Amino acid sequence: MLKEMPKTYDPSTAEDRIYQMWEKAGYFHAAPNPEKEPFTIVIPPPNITGQLHMGHALDDTIQDAIIRFKRMQGYEALWMPGTDHASIATEVKIVDAMAKEGLTKKDVGREEFLRRAWSWREEYGRRIVNQLKKLGASCDWERERFTMDEGCSRAVLKTFVDLYEKGLIYRGDRIINWCPDCKTALSDAEVEYEEQDSFLWHIRYRAEDGGEGLVVATTRPETMLGDTAVAVHPEDERYAGLVGKNVILPILNKPIPVVADEYVEREFGTGCVKITPAHDPNDFEVGLRHGLPVIRVMADDGSMNENAGKFAGLSAKECRKAVVEELERTGALVKTEPYKHNVGTCYRCHSVVEPLVSKQWFVNARELAKPAIECVRDGRIKFVPERFDKIYFNWMENIRDWCISRQLWWGHRIPAYYCEDCGEVTVAAEAPKACPKCGSTHLHQDEDVLDTWFSSGLWPFSTMGWPDDTPELKYFYPTSVLCTGYDIIFFWVARMIMFGMSQMGEVPFHTVFIHGIVRDEQGRKMSKSLGNGIDPLKVIEKYGADSLRFSLTMGTSAGNDMRFYDSKVEACRNFANKIWNASRFVLMNAESDIIPVEQAKLDAADRWILTRLNDAVRAVTDNLESYELSLASQKIYDFVWSEFCDWYIELTKTRLYGEDAEEKKSALSVLLYVLDATLRLLHPFMPFVTEEIYSYLPHTSGTIMRAPWPKEVPAFNFPEVAQNMDGMMELVQSIRNVRADLSVPPSRRTHITIVTDEAHRAFYTGAGAYFNKLAGASGVTVQTDKAGIAPDAVPAVCAAAQAYMPLAELVDLEKERARLEKEKAAAEGEIARAQAKLQNEGFVKKAPEKVVEDVRGALLKNQELLQKINERLESLAK
RNA sequence: GGGUUUAUAGCUCAGUUGGUUAGAGCGCUACGUUGACAUCGUAGAGGUCGAUGGUUCGAGUCCAUUUAAACCCACCA
């Protein structure tokens, strides 16, 4: 006697229990194994700043489905987990938390700050791991890593030193993006642009000789205090006379030169551009070309510095106001017009960033980009969907040097040491004891830390033990697929490829699977400020992790955004319930001893479902191999619901409830066989419920996680039987349709006479019981002519056969005629369509034979159907 | 300025290489407690696949133009 399954599946009690079982048994663990092919995924390490959100749920569901699939296929499948220290994001959080205690970074100092950061990491790092477990993520937790752990830190140091020694990392004064709020430099990728309403101020700069001079247009009048020139286009005749002369910078009353530079657009504004090399990237370039001085007028906190003269100490905003007022008073302000323009904002705190010149560390990205472009170009790395390679190329080919130093404390401290005596800079993995140049022992380390993406860029190999030469690195690297959202292609994917190529000389992964972002019901991005975020854990609590996972994979297309709907999760929950109950049905009947499917006496229905199962196995496998998770999940859903449950289970009932023990055993054996295979197909998507059901199956042992992936069985392909079954189902549906039209109550059963040709006679004779079960028949007679059928018997027609039922007294003549006319019109339409095609010479000549044959078949079928309908219409007319 | 995506049933979306009558979920209508499931079953209504033109024997699918929306990159001050 088997264990009895509860009537409904309760994910809330089962999931944690199952997950613990998996973890305890070590099923997630992977290790170098020469007997097997490796398959590797490294997780995009979640930030330790917060908690699991829908984006993670999607990302990690996809990865888990893939890794479970590959594991079952027999690969040594490693899903490498870990978390990201998220330098700036975490630091912002900790600073906020300290602010609530009334403390600042300065108050506590570096050491205490880092102590707090590490305890933050302990707490939130653990939290996010637990949340991943709730989702069912089959990560190899024994290998969990952290971007700031000892090994990853060594990888960072080595990479930094290597690149420095190759001249690919350098320190210099460059225009960078400065966040006055986070008080740190940012890379270009970390700046988000948003359109803002502002003004274009037109300001007159008089000529030094007292002439009219020229008028410049600017959106940032406060930066004029740092102007060191005005530029015009070299071929602009309007200002040709001024080039080489000086104009007077208002307010400061300082002469600055007019230079000619092609960067200026003659059509824009007045055709004159004020040049502020210290506070604008383009101006900086112009300044370099013309040897202009660089005057910074803004301090690191965004306030004006001593170079701003009387405006020193004001914030940029206050300064702007004051400058405009003064320009107005002195008559230098010519006009003010409303203007929309893009301003850069910090991707973490969304304050407006200030471009300014600062001494920072940079990576020569252009050089690193070359091999990184090449390996995508030649197909060593493939993007799925393919179109994302365009975005990648576009960015990589126009890449600018990457500012990697951050004026933060939480992160990898830059391994550069400065000699206080001779100024020598030493870059080394370990702090030098003395200056290699002058021997001084007065050295201090650079105060800054590295961009968080520097360490995550090393993730695919730092987690495998690099820079050590470990067995893991040899076996699992390059990894197989990297899965992430399109929003971090630049931040992360691009950097991993650059570092992989430069440090390993090898791609970090072969495939990049890109997905979209999860939006709310109205299609809005989920965000804290909108308060429209949906907590995956709440969804899991309500519907179970399987339902959430399935809802995130079904009905989506790779690379595109999706909306999150509660009702969709509910539908998936219903699906989990469906397969639960189907299993319950099978097991309720599994009392007798079970025979292997090879020994079963297969009837038509068995052969049909086995054929369909083969189709499903093939389709699902193909789809998963090519990362078409949506198609795979849809296929399983349809197979389970529409084929296995709606038809096959119903078809087995007559045998299960019948007297023939052999029939019963056979049906049960096929039921169990198909159920088992189906559960395995479903497992990557719904790991928990499949495991739970699997534990009830009589002929299985161990975990479904490690069960082999189903294979097609050639011996179970029965195409002719499947075709007959399809015809039978069509006829059953036609009968149900007629009965529904005539409002025949289900309790009213009728004798059905089936008329078919000689070829199908045996099949329908054998299928009689199906009509009793599925079509309200009380008995079935099969014949090849219409002998003995009452002239007013009601027919249900389909192409292969017709069924006649003595229900004449129920027929509403008008309704029946209308129904038949409609069917007639449909059949005629099909006939016309098919005939038109067959009369088209081009079609018959050029189309593949199979297509032409199919059309001929359809024509014949519809002609027969039409004939039957016409006969019936005629008999109605009498 | 450059690029990408989306437009298919009332709503949300699938539709892999062009090939019979374009699918699903939700919603809607009618019926139904048939010994797995009402988290269910049966039957049904509902679409000229954004528009125009083209390629082809054949186009939701390929090409061109176009309309609308979303996004990314660039940043002409």
Side-chain angles (χ1 to χ4, degrees), chain A residues 5 7-9 193 200 216-220 223 231 263-265 267-270 272-276 280-283 341-342 344 387-388 390-391 394-395 398 486-487 489-490 516 521 523 543 551 554-557 559-563 565 567-568 570-589 622-623 626 628 630-631 634 637-638 641-642 645-646 649-650 653 656-657 733 736-741 743-747 773-774 776 826 829-830 833-834 837 840-848 850-859 861-862:
Chain A
M5 291 173 70
K7 191 168 171 181
T8 51
Y9 168 61
Y193 288 90
L200 196 55
V216 302
T218 181
T219 52
R220 300 173 67 214
T223 64
Y263 148 70
V264 179
E265 297 283 330
E267 291 73 32
F268 187 88
T270 58
C272 306
V273 188
K274 61 191 262 323
I275 298 298
T276 322
D280 183 280
N282 291 311
D283 293 7
H341 70 145
N342 284 337
R387 66 181 136 94
F388 286 101
K390 271 193 199 138
I391 294 172
N394 182 265
W395 195 74
N398 297 292
Y486 59 71
D487 50 338
I489 293 176
F490 305 142
E521 233 176 62
Y543 297 105
S551 76
M554 198 170 72
T556 62
S557 51
N560 290 343
D561 293 351
M562 68 183 79
R563 298 191 195 199
Y565 269 87
S567 63
K568 192 173 170 190
E570 199 176 313
C572 294
R573 191 267 322 260
N574 294 352
F575 175 64
N577 181 65
K578 187 74 181 177
I579 193 158
W580 177 265
N581 272 291
S583 310
R584 199 163 76 95
F585 168 80
V586 174
L587 293 172
M588 278 168 78
N589 290 287
D622 288 352
N623 288 329
S626 44
E628 294 160 337
S630 171
L631 292 177
Q634 185 73 51
Y637 184 97
D638 289 342
W641 207 308
S642 313
C645 293
D646 287 354
I649 283 186
E650 294 307 319
K653 282 181 179 173
L656 287 177
Y657 301 146
Q733 280 174 317
R736 286 171 178 167
N737 184 346
V738 169
R739 288 176 59 105
D741 267 6
S743 302
V744 182
S747 54
K773 178 71 195 159
L774 303 172
E830 286 313 310
R833 185 202 294 259
K837 278 191 178 177
N840 180 335
E841 249 179 75
F843 176 74
V844 180
K845 243 191 258 171
K846 294 186 184 175
K850 183 180 180 302
V851 175
V852 179
E853 270 317 299
D854 286 349
V855 173
R856 287 214 178 92
L859 177 62
K861 192 170 150 180
N862 280 293

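Since the structure is predicted, the reported quantities are computational estimates derived from the model, not experimental observations. In what follows, chains carry the letters A, B, and so on, assigned in the order in which the sequence lines appear, proteins first and then strands, with residues in each chain numbered from 1. Note: hydrogens, waters and symmetry copies are ignored here, and every other heavy atom, side chains too, is used.
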What is the nucleic acid contact for [X], judged by heavy atoms within less than 4.0 Å: base, sugar-phosphate only, or nothing?
{"X": "A:Tyr263", "answer": "base"}
{"X": "A:Glu650", "answer": "base"}
{"X": "A:Ala217", "answer": "base"}
{"X": "A:Val855", "answer": "nothing"}
{"X": "A:Tyr9", "answer": "nothing"}
{"X": "A:Tyr657", "answer": "base"}
{"X": "A:Pro848", "answer": "base"}
{"X": "A:Lys845", "answer": "nothing"}
{"X": "A:Asn394", "answer": "sugar-phosphate"}
{"X": "A:Asn840", "answer": "sugar-phosphate"}
{"X": "A:Cys645", "answer": "base"}

- [ ] For the pair A:Lys850 and A:Glu853, evaluate salt bridge (Lys or Arg N to Asp or Glu O under 4.0 Å) and give the outcome as yes or no after the intermediate values.
- [x] CA-CA 5 Å; A:Lys850 183 180 180 302; A:Glu853 270 317 299; over 6 Å; no
Which heavy atom in [X] sits nearest to a heavy atom in [Y], and how many Å separate them?
{"X": "A:Thr276", "Y": "A:Asp283", "answer": "N-OD2, 2.8 Å"}
{"X": "A:Asn577", "Y": "A:Thr8", "answer": "OD1-CG2, 4.2 Å"}
{"X": "A:Thr223", "Y": "A:Lys274", "answer": "OG1-NZ, 2.8 Å"}
{"X": "A:Arg573", "Y": "A:Tyr543", "answer": "CG-O, 3.8 Å"}

Hey, does [Y] have a side-chain heavy atom less than 4.5 Å from the side chain of [X]?
{"X": "A:Gln634", "Y": "A:Met554", "value": "yes"}
{"X": "A:Val851", "Y": "A:Phe843", "value": "yes"}
{"X": "A:Lys837", "Y": "A:Val852", "value": "no"}

On a whole-Å scale, what distance lies between the [atom1] atoms belonging to [N] and [M]?
{"N": "B:A38", "M": "B:C31", "atom1": "C1'", "value": "14 Å"}
{"N": "B:G35", "M": "B:G47", "atom1": "P", "value": "37 Å"}
{"N": "B:C75", "M": "B:A69", "atom1": "P", "value": "26 Å"}
{"N": "B:C26", "M": "B:C62", "atom1": "C1'", "value": "33 Å"}
{"N": "B:C13", "M": "B:U5", "atom1": "C1'", "value": "16 Å"}
{"N": "B:U55", "M": "B:G44", "atom1": "C1'", "value": "40 Å"}
{"N": "B:A59", "M": "B:U66", "atom1": "P", "value": "24 Å"}
{"N": "B:U12", "M": "B:A7", "atom1": "P", "value": "12 Å"}

Separation of [Y] [atom2] from [X] [atom1] (nearest 0.5 Å):
{"X": "A:Ser583", "Y": "A:Ile649", "atom1": "OG", "atom2": "CD1", "result": "8.0 Å"}
{"X": "A:Asn589", "Y": "A:Arg584", "atom1": "CG", "atom2": "CZ", "result": "11.0 Å"}
{"X": "A:Asn560", "Y": "A:Tyr486", "atom1": "CG", "atom2": "OH", "result": "8.5 Å"}
{"X": "A:Leu656", "Y": "A:Phe585", "atom1": "CG", "atom2": "CZ", "result": "5.0 Å"}

When you compare the protein's N or O atoms with those of nucleotides 47-49 of chain B, which come within less than 3.5 Å of each other, and at what distance?
none

Under 4.0 Å from OP1 or OP2 of [N]: is there any side-chain N or O of [X] that close?
{"X": "A:Arg833", "N": "B:U21", "result": "yes"}
{"X": "A:Lys390", "N": "B:U4", "result": "yes"}
{"X": "A:Lys653", "N": "B:A36", "result": "yes"}

Task: Those residues that, when tested against A:Phe575, pass ring-ring contact (aromatic ring centres under 6.0 Å, His included) (two or more places apart) - done: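 ring-ring contact (aromatic ring centres under 6.0 Å, His included) list for A:Phe575, sorted by chain: A:Phe550, A:Tyr637.
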Protein-nucleotide distance ([X], atom [atom1]; [N], atom [atom2]), rounded to Å:
{"X": "A:Ile391", "N": "B:C72", "atom1": "CD1", "atom2": "P", "result": "11 Å"}
{"X": "A:Arg387", "N": "B:G2", "atom1": "CZ", "atom2": "C1'", "result": "18 Å"}
{"X": "A:Asn862", "N": "B:U21", "atom1": "CG", "atom2": "P", "result": "9 Å"}

Open item on the list: Looking only at the side chain of A:Asn574 (C-beta and beyond, no hydrogens), which of the listed nucleotides B:C37, B:U39, B:A77 gets closest?
Closed with: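 So the nucleotide nearest the side chain must be B:U39.
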Open item on the list: What's the closest nucleotide to the side chain of A:Lys837 if the choices are B:U21, B:G25, B:A38?
Closed with: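 Of the candidates, B:U21 comes closest.
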Open item on the list: Is it the case that the base of B:C37 and the side chain of A:Asn577 share a donor-acceptor contact (distance under 3.5 Å, atom types as modelled)?
Closed with: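 It does not, because no donor-acceptor pair links the side chain of A:Asn577 to the base of B:C37 below 3.5 Å.
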Provide a list of protein-nucleic acid N or O atom pairs under 3.5 angstrom, restricted to nucleotides 13-18 of chain B.
unit_1 : atom_1 : unit_2   : atom_2 : d
B:C13  : OP1    : A:Arg563 : NE     : 2.8
B:C13  : O2'    : A:Gly555 : O      : 2.5
B:A14  : OP1    : A:Ser557 : N      : 3.4
B:A14  : OP1    : A:Ser557 : OG     : 2.7
B:U16  : O2     : A:Glu628 : OE1    : 3.1
B:U16  : O2     : A:Glu628 : OE2    : 3.4

- [ ] State whether the number of non-hydrogen atoms from other residues, nucleotides or ligands found under 6.0 Å of A:Lys653 atom NZ is greater than 12.
- [x]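 More than 12 heavy atoms, drawn from other residues, nucleotides or ligands, come within 6.0 Å of this atom.
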Distances for protein N or O near nucleotides 41-45 of chain B N or O, under 3.5 Å:
unit_1 : atom_1 : unit_2   : atom_2 : d
B:G41  : OP1    : A:Lys578 : NZ     : 3.1
B:G41  : OP1    : A:Trp641 : NE1    : 2.4
B:U42  : O3'    : A:Arg736 : NH1    : 3.4
B:A43  : OP1    : A:Arg736 : NH1    : 3.4
B:G44  : OP1    : A:Asn737 : ND2    : 3.2
B:A45  : OP1    : A:Lys822 : NZ     : 2.9

Open item on the list: Applying side-chain contact (heavy atoms from CB on, under 4.5 Å), can you list everything that pairs with A:Ser630, at least two apart in sequence or on another chain?
Closed with: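 Residues passing side-chain contact (heavy atoms from CB on, under 4.5 Å) with A:Ser630: A:Thr556.
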Open item on the list: Are B:A36 and A:Trp580 stacked, with the base six-membered ring and the side-chain ring centres under 5.5 Å apart and planes under 30°?
Closed with: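 Not stacked by the 5.5 Å and 30° rule.
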TODO: Taking Watson-Crick and G-U wobble pairs with both distances under 3.5 Å, convert RNA chain B into its dot-bracket string, 5' to 3', dots for unpaired and | for cross-strand pairs.
DONE: (((((((..((((.....[...)))).(((((.......))))).....(((((..]....))))))))))))....
